[in-house]
Trainee: 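Handing you a structure now.
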Amino acid sequence: QKEVEQDPGPLSVPEGAIVSLNCTYSNSAFQYFMWYRQYSRKGPELLMYTYSSGNKEDGRFTAQVDKSSKYISLFIRDSQPSDSATYLCAISGGYQKVTFGIGTKLQVIP
Amino acid sequence: DTGVSQNPRHKITKRGQNVTFRCDPISEHNRLYWYRQTLGQGPEFLTYFQNEAQLEKSRLLSDRFSAERPKGSFSTLEIQRTEQGDSAMYLCASSPSPQNIQYFGAGTRLSVL
């Protein structure tokens, strides 16, 4: 079993839709939960992070962590064509390596 | 704050040659990480430094790979006797202590012919 599981998609939605991206993980010791956005041939860009369980909102983006289910989510409201990218969930312990999901490719159609 | 800087952005080399990449982290970050990413995959951890000390190395980091961070500032990743399987994007990230929120550079894309 992989440490982090993420559906690679692709996911195609119309402009303005609510997008839901999800990952599951296996190691209950993970404490930091991050979402990165990566455009083609670019480095990952940190979108949001949460420490431990709960929700965090930043503009059109909401990150949720459910440690009891080992499940993390990213919601994008009012999706825009510029949101088209690959979204990577990433999880780590205190100072260790970050373990990434495979990434979900999102396309927002105008 | 200019973010994490990586050079070169793209390196094309012939099989068997040595290559070296450089990473300049965000200035106040004492942790520095190297990852490798192949097409359609998430980044995979290679190694990490706290200041100048290399504290962890992945089993992906074969004997042909070496990384240094001599003064706890910039870091270099060298690949000796490159193979076609080394073709990938090499990513550098840095994070402040004690949080482990990592910020990535744009990466160096290596093509081994």
Side-chain angles (χ1 to χ4, degrees), chain A residues 2-11 21-27 29-52 56 58 63 65 72 74 85-107, chain B residues 1 3-7 9-10 21 23-26 29-51 53-61 67 88-111:
Chain A
K2 286 186 178 180
E3 284 190 293
V4 181
E5 299 275 2
Q6 182 176 14
D7 187 336
L11 180 62
L21 303 166
N22 310 291
C23 289
T24 58
Y25 64 95
S26 58
N27 188 341
F30 287 136
Q31 299 171 301
Y32 293 93
F33 305 91
M34 293 154 281
W35 285 95
Y36 290 85
R37 178 174 61 196
Q38 187 172 28
Y39 294 110
S40 181
R41 297 181 175 267
K42 303 288 185 184
E45 171 195 0
L46 180 65
L47 272 180
M48 298 186 70
Y49 70 89
T50 54
Y51 176 74
S52 196
K56 187 172 184 178
D58 184 2
V65 175
I72 67 171
L74 178 71
T86 296
Y87 290 80
L88 297 154
C89 63
I91 302 173
S92 79
Y95 54 82
Q96 300 149 349
K97 65 179 182 179
V98 172
T99 301
F100 285 85
I102 197 171
T104 299
K105 188 169 184 179
L106 171 68
Q107 183 178 18
Chain B
D1 180 2
V4 178
S5 176
Q6 290 189 249
N7 287 289
R9 292 295 311 279
H10 194 183
F21 311 140
C23 172
D24 288 88
I26 295 171
H29 288 184
N30 61 350
R31 294 179 189 153
L32 186 148
Y33 303 78
W34 286 98
Y35 292 82
R36 180 172 68 188
Q37 186 177 25
T38 53
L39 197 63
Q41 300 295 318
E44 294 177 295
F45 170 78
L46 292 178
T47 189
Y48 111 88
F49 292 84
Q50 173 136 348
N51 300 312
Q54 189 174 16
L55 296 186
E56 188 177 350
K57 291 194 290 187
S58 163
R59 54 187 168 80
L60 293 176
L61 210 68
M89 173 82 91
Y90 289 84
L91 294 162
C92 176
S94 69
S95 72
S97 178
Q99 289 184 330
N100 191 18
I101 308 301
Q102 296 183 15
Y103 298 85
F104 282 79
T108 295
R109 181 168 296 280
L110 173 65
S111 300

Trainee: Would you call B/Ser95 and A/Val98 a side-chain contact if the rule is heavy atoms closer than 4.5 Å?
Mentor: no

Trainee: Look up atom OG in A/Ser92 and atom OH in B/Tyr33, then write down how far apart they are to the nearest 0.5 Å.
Mentor: 7.0 Å

Trainee: Just wondering, more than 12 heavy atoms not from A/Lys105 lying within 6.0 Å of its NZ?
Mentor: no

Trainee: Sort A/Tyr51 into side chain, backbone, both or neither according to what part of it lies under 4.5 angstrom from a heavy atom of chain B.
Mentor: neither

Trainee: Using the ring centroid of each side chain, check whether A/Phe100 and B/Phe104 are separated by less than 6.0 Å.
Mentor: yes

Trainee: Quick check against the 3.5 Å criterion: does A/Tyr32 have a side-chain atom that pairs as donor or acceptor with the backbone of B/Gln102?
Mentor: no

Trainee: What part of A/Pro44 lies closer than 4.5 angstrom to a heavy atom of chain B: side chain, backbone, both or neither?
Mentor: both

Trainee: Side chain, backbone, both or neither: which part of A/Leu46 has a non-hydrogen atom closer than 4.5 Å to chain B?
Mentor: side chain

Trainee: Could you tell me which of B/Gly107, B/Cys92, B/Pro43 has the largest number of non-hydrogen atom pairs under 4.5 Å with chain A?
Mentor: B/Pro43

Trainee: Give the minimum heavy-atom separation between A/Ile102 and B/Gly40, together with the two atoms involved.
Mentor: CG1-O, 3.2 Å

Trainee: May I ask you to name which of B/Gln41, B/Arg9, B/Glu44, B/Gln6 has the most heavy-atom pairs under 4.5 Å with chain A?
Mentor: B/Gln41

Trainee: Applying salt bridge (Lys or Arg N to Asp or Glu O under 4.0 Å), can you list everything that pairs with A/Glu45, at least two apart in sequence or on another chain?
Mentor: A/Arg37

Trainee: Is it the backbone or the side chain of A/Gln6 that comes under 4.5 Å from a heavy atom of chain B, or both, or neither?
Mentor: neither

Trainee: Quick one: which of A/Met34, A/Arg41, A/Gln38 has the most heavy-atom pairs under 4.5 Å with chain B, could you say?
Mentor: A/Arg41

Trainee: Under a 4.5 Å heavy-atom cut-off, does chain A meet the side chain of B/Ile101, its backbone, both or neither?
Mentor: both

Trainee: To the nearest 0.5 Å, what is the distance between OG1 (B/Thr47) and NZ (A/Lys97)?
Mentor: 11.5 Å

